[in-house]
Structures are given as structure tokens and as C-alpha cells.
Amino acid sequence: MKRVYIANTGGTIGMKWSPRGYCPEAGFLESQMAKMPELKAPGMPEFVIEEFDPLLDSSNMTPRDWIAIGRRLMAHRDDFDGFIVVHGTDTMAYSASALSFALRGLAKPVIFTGSQIPLVEVRSDARTNLVTALQLAAGSPVPEICLFFGNQLFRGNRATKVSAGGFGAFESPNFPALGTAGVDLQVHWDLVLPPEQGVPQPRFTEVRPAKVVALKLFPGMPPEILANALRPPTEGVVLETYGVGNGPGDAELLRVLEEAADRGVVIVNCTQCLYGRVDMEDYATGSALGRAGLTSGSDMTTEAALAKLFYLLSLGLGVDEVRRQMPRSLRGELTEVATSEPASTSP
């Protein structure tokens with residue numbers, strides 16, 4: 001019988017109603033899962049649940065919690081066939097993205113999942129998400145950090161939350177789903193990354209709390225607001241720009257960006273659009289951002305770009321190397337444009 005490890009970090013799926021609204025409660029998810037006959041059906045894997053203390057609403061997740069999740073998975077890497085991380089939906093895409101960079105060489109499925117309605121409620125999406133995630137973790141050895149939700153299996157660093165109230169809460173805007181759950185569980189193996197070469201043993205990088213920030217351009221954004229966000233100790237910025245990576249041609253704003261880039265701040269240009277990619281050569285307003293020192297974020301989600309910045313800065317790489325690696329695909333997080341540069345070892 002296959003064995004699956006479940007790390008319960010908290011989230012809506014295991015919450016219970018209180019006078020203050022839904023709150024996590026220790027032991028509650030496990031007690032509710034014990035009442036599910038489908039989890040005892042023939043063909044279902046054996047599973048072990050380990051609960052975080054305290055359980056978290058995912059709005060309270062920080063990089064310290066990414067480290068805690070990674071440590072748990074590493075501690076059990078040889079004991080289980082697959083892994084599930086039960087997580088709140090609000091920041092699930094951030095955590096899945098971070099683990100995709102930080103955890104290398106595991107070569108076993110790690111599936112983030114949760115629900116929009118708690119498992120204790122009658123009309124909950126938690127049952128389908130849990131049962132299917134368990135079946136995928138045990139029977140479909142996808143060697144990636146994934147996110148399963150709303151009958152779709154996504155690459156973790158390609159997913160983003162798009163609905164606050166729908167059961168299809170996540171999408172993968174710029175890359176197809178790795179699998180779908182219908183009458184049959186279907187994995188699109190041609191899209192799945194092979195086990196990473198050159199990493200003989202699993203290893204985990206503990207992401208340090210780098211000083212990074214995400215900012216969204218808007219019409220009339222005062223340059224002094226941007227300057228305040230870019231001043232020391234800021235190390236990196238994900239700047240959400242317009243369209244294919246365009247921004248206002250305001251000379252003062254461009255000067256602020258250029259001065260920050262010259263100081264060593266890594267400024268990653270990501271589009272505000274859900275679909276599409278950054279190309280700073282299409283328009284004069286985009287090329288001006290390139291000349292100011294911005295680095296293309298290609299078609300990464302904001303969650304993936306932030307997580308990647310955290311990860312690269314944690315490796316102690318020089319600023320130029322971080323800028324060089326941001327537009328390169330390390331874990332399938334972006335669609336890489338062909339380049340004449342020689343390939344390098346993935347950090």
C-alpha cells in the first residue's frame with residue numbers, strides 16, 4: 001500500500017465556526033477526515049497527518065512558514081511515496097511557488113490543496129480536493145511541487161488565485177494544467193518536468209527573510225511614493241506594469257527606478273495582465289524601463305516572481321547573477337525565450 005504524508009498547516013478546510021467567524025482548531029481536520037468512508041475505500045493510500053502548531057489562517061503565512069513546511073517534507077522524504085500540504089487558499093500560490101524553488105531533487109509528488117468551504121460543512125469542496133489529491137499523490141508520481149484545486153492539477157509556480165468565492169479558485173494563466181480530474185484522473189505527462197538532473201540527493205534551501213516588495217503601477221503614481229518603497233533596505237521589487245511591460249514615460253519616475261537599480265535593487269518587470277508576457281522591446285515606454293535597469297519577469301505570476309526573488313537572494317548570489325537568473329526558467333515557472341547565451345547550471 002502506498003503511503004502519503006499530509007502536512008496540515010491550517011486554512012479554511014479544517015476550520016470550525018466561532019462567534020468571530022471561521023477559525024482553525026487543533027485536531028479538527030483529522031477528526032473530520034476520520035469520518036469519511038471514502039478515505040477507507042479499497043485502493044486509497046495509507047496516510048499520516050502531522051499538524052502545525054499553531055494552525056494558521058494562510059493570511060498569516062510568512063517565509064518562516066515556508067521553511068517549516070520544507071523541513072517537514074525533508075524529514076519524511078524517504079518514508080512516503082507522496083506528500084500533501086493542506087493550506088489556506090489566500091496565499092497557497094505563494095507557498096507552492098516558494099517550495100518549487102527551495103526544495104530540489106525530491107522526485108516525488110508534493111501537492112498543495114485546501115478548500116473554499118470547511119470540510120465540516122455539508123456542501124464543501126474539501127472532500128473532492130482531499131480524495132483526489134491523495135489519489136494523485138499515491139498513484140501519479142509527478143516529480144513536481146503541484147497545486148490541486150477545482151479538479152485541476154497545476155504546476156505550483158504557475159498557479160494564481162483568481163476567485164474569492166468560486167470552487168475553481170485557481171488558474172494557471174500562461175501554462176496548461178498538468179492534469180485534470182473527471183471520470184478519470186488524467187495527467188498530461190508531456191507537460192510534466194522530469195526529475196531534476198545533477199541533484200543526487202534532495203536538498204532544501206531555507207529562504208531568508210529578504211527585503212522584497214511588490215508594487216503595482218497606476219496612472220499618476222507619484223515618483224516619491226515609488227522612491228520611498230525603493231530606498232534601503234529594499235533588495236528586490238516585483239513591479240507590476242501595464243500590458244507587455246510598459247510604464248509611464250515620466251522622467252522623474254524613470255530616474256527613481258534607475259537610481260535604485262544602480263544601487264543594486266533588483267527590479268523585476270511583471271505584467272498586471274493575467275495572461276501574456278513582458279516584452280520591453282515592443283513599445284518605447286517599455287524599452288525606457290529596460291534602460292532604467294528593470295529585468296523582465298517574462299510570463300511569471302507575481303507570486304512566482306516574489307518567491308523566486310526570495311530564493312535567489314537567499315543563495316547569496318551577486319546582483320548581476322540574480323538579474324541574469326530572473327528571466328530564466330529554473331523550475332518551469334516561466335516560458336523562456338530562446339537566447340544565444342550558454343546554458344548555466346540551475347541554482
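These numbers were taken from a predicted model, which means no experiment stands behind them. Positions are given from 1, in the same order as the sequence printed here.
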Inset, instruction - Flag the pair P347 / Q325 as yes when at least one side-chain heavy-atom distance between them is below 4.5 Å, and no otherwise. - result: yes
Legend entry - Candidate pair V266 and V237, rule side chain to side chain contact (heavy atoms under 4.5 Å, CB included), full reasoning: CA-CA 6 Å; V266 180; V237 176; over 6 Å; no
Inset, instruction - May I ask you to test the P24-L56 pair for a side-chain heavy-atom distance under 4.5 Å? - result: no
Inset, instruction - Check whether any side-chain N or O of S18 sits under 3.5 Å from a backbone N or O of G21 as a donor-acceptor pair, and report yes or no. - result: yes
Inset, instruction - Mark yes when over 12 heavy atoms from residues, nucleotides or ligands other than Y283 sit less than 6.0 Å from its OH; otherwise mark no. - result: no
Inset, instruction - Sequence neighbours left out, what pairs pass side chain to side chain donor-acceptor pair (under 3.5 Å) with at least one residue falling in residues 212-232? - result: N228-R231
Inset, instruction - Would you mind listing every ring-ring contact (aromatic ring centres under 6.0 Å, His included) that reaches into residues 54-75, with sequence neighbours excluded? - result: W66-F310
Inset, instruction - Determine, using the 4.5 Å side-chain heavy-atom cutoff (strictly less than), whether L103 and Y94 are members of one ILVMFWY cluster. - result: yes
Inset, instruction - Would you confirm whether T12, through its side chain, and I117, through its main-chain N or O, come within 3.5 Å as a donor-acceptor pair? - result: no
Legend entry - Straight-line distance of F148 CZ to T132 OG1, nearest 0.5 Å: 4.0 Å
Inset, instruction - Using the test salt bridge (Lys or Arg N to Asp or Glu O under 4.0 Å), find all partners of D57 that sit at least two apart in sequence or belong to another chain. - result: none
Inset, instruction - Salt-bridge test for E258 and R255: reply yes if a basic N is under 4.0 Å from a carboxylate O, no otherwise. - result: no
Legend entry - F80-L73 co-clustered via ILVMFWY side chain contacts under 4.5 Å: yes
Inset, instruction - Report the distance from atom CD1 of I267 to atom CG of L289, rounding to the nearest 0.5 Å. - result: 9.5 Å
Legend entry - M92 backbone acceptor or donor facing S95 side chain under 3.5 Å: no
Inset, instruction - Of all the heavy-atom pairs spanning A261 and A292, show the shortest one and how long it is. - result: CB-O, 3.5 Å
Legend entry - V162 and T160: CA distance, side-chain angles, deciding distance, side chain to side chain contact (heavy atoms under 4.5 Å, CB included) verdict: CA-CA 6 Å; V162 296; T160 187; 3.9 Å; yes
Legend entry - Pair N157-S100, side-chain donor/acceptor within less than 3.5 Å: yes
Legend entry - Contact summary for Q116 and G166, nearest pair of heavy atoms: NE2-O, 2.9 Å
Legend entry - Qualifying salt bridge (Lys or Arg N to Asp or Glu O under 4.0 Å) pairs, either residue in residues 75-98, two or more places apart: D90-K161
Inset, instruction - Answer yes or no: is there a side-chain heavy-atom contact under 4.5 Å between L99 and F101? - result: no
Legend entry - Any I6 side-chain heavy atom under 4.5 Å of V48 side chain: no
Inset, instruction - Would you confirm whether T62, through its side chain, and R64, through its main-chain N or O, come within 3.5 Å as a donor-acceptor pair? - result: yes
Legend entry - By side-chain contact (heavy atoms from CB on, under 4.5 Å) - contacts of T295 (at least two apart): R323, M326, P327
Inset, instruction - Using modelled atom types only, decide if a donor and an acceptor are shared between the side chain of Y242 and the backbone of C273 within a distance under 3.5 Å. - result: no
Legend entry - Side-chain donor-acceptor pair present, N269, T241, cut-off under 3.5 Å: yes
Inset, instruction - Decide whether V212 and V265 are clustered together by the hydrophobic rule: side chain heavy atoms of Ile, Leu, Val, Met, Phe, Trp, Tyr closer than 4.5 Å, transitively. - result: no
Please output the side-chain donor-acceptor pairs of residues 168-184 that fall under 3.5 Å, not counting sequence neighbours, one pair per line with the distance.
residue, atom, partner, partner atom, Å
E171, OE1, Y275, OH, 2.7
S172, OG, F175, O, 2.6
N174, OD1, G276, N, 2.9
N174, ND2, G276, O, 3.4
N174, ND2, D299, O, 3.3

Legend entry - Donor-acceptor under 3.5 Å (S124 side chain, P118 main chain): yes
Inset, instruction - Could you name each residue pair satisfying salt bridge (Lys or Arg N to Asp or Glu O under 4.0 Å) that touches residues 18-44, not counting sequence neighbours? - result: K16-E25
Inset, instruction - State the OG1-CD1 distance between T113 and I13, to the nearest 0.5 angstrom. - result: 6.0 Å
Inset, instruction - Keeping to residues at least two apart or across chains, list the side chain to side chain donor-acceptor pair (under 3.5 Å) pairs with something in residues 201-214. - result: R71-E206, R208-E235
Legend entry - Rounded distance [0.5 Å steps], OG1 in T301 versus NZ in K308: 11.0 Å
Inset, instruction - For D250 and P223, work out which heavy atoms get closest and say how close. - result: OD1-CG, 3.8 Å
Inset, instruction - Without swapping roles, check the side chain of S287 against the backbone of A284 for a donor-acceptor pair under 3.5 Å. - result: yes
Show every donor-acceptor pair shorter than 3.5 Å between a side-chain atom in residues 134-147 and any protein atom, with sequence neighbours excluded, or say none if there are none.
residue, atom, partner, partner atom, Å
E144, OE1, R155, NE, 2.7
E144, OE2, R155, NH2, 3.1
E144, OE2, L193, N, 2.7

Legend entry - Pairs touching residues 107-143 that satisfy ring-ring contact (aromatic ring centres under 6.0 Å, His included), sequence neighbours left out: H87-F112
Inset, instruction - Report yes or no: do L215 and F218 belong to one cluster of Ile/Leu/Val/Met/Phe/Trp/Tyr joined by side chain heavy-atom distances under 4.5 Å? - result: yes
Legend entry - All salt bridge (Lys or Arg N to Asp or Glu O under 4.0 Å) counterparts of R3, not counting sequence neighbours: E46
Legend entry - Gap separating the CG atom of L119 from the CE atom of M15, nearest 0.5 angstrom: 13.0 Å
Inset, instruction - For T271 and R277, indicate whether the former's side chain and the latter's backbone hold a donor-acceptor pair under 3.5 Å. - result: no
Inset, instruction - Identify whether L309 and V213 are in the same connected component of the hydrophobic contact network (ILVMFWY, side-chain heavy atoms under 4.5 Å). - result: no
Inset, instruction - I would like to know whether L315 and V322 meet side chain to side chain contact (heavy atoms under 4.5 Å, CB included); could you show each step before the answer? - result: CA-CA 9 Å; L315 295 178; V322 173; over 6 Å; no
Legend entry - Charged tip of R72 within 45° of F83 ring normal and under 6.0 Å: no
Legend entry - Distance-only donor-acceptor check, side chains Y5 and E50, under 3.5 Å: yes
Inset, instruction - Decide yes or no for M74 and L106: does some side-chain heavy atom of the first lie under 4.5 Å from some side-chain heavy atom of the second? - result: no
Legend entry - Rounded distance [0.5 Å steps], CG in L191 versus CZ in R158: 10.5 Å
Inset, instruction - Quick one: do Y311 and R331 satisfy side chain to side chain contact (heavy atoms under 4.5 Å, CB included)? Show the steps, please. - result: CA-CA 12 Å; Y311 171 68; R331 312 286 190 269; 3.2 Å; yes
Legend entry - Heavy-atom side-chain proximity of S298 to V278 below 4.5 angstrom: no
Legend entry - Which atom of T302 lies closest to which atom of A214, heavy atoms considered: CG2-CB, 4.4 Å
Legend entry - Sub-4.5 Å side-chain heavy-atom contact between F149 and T89: yes
Legend entry - Test salt bridge (Lys or Arg N to Asp or Glu O under 4.0 Å) applied to E281 - qualifying residues, sequence neighbours left out: none
Legend entry - Close side-chain approach of T9 and M61, heavy atoms under 4.5 Å: yes
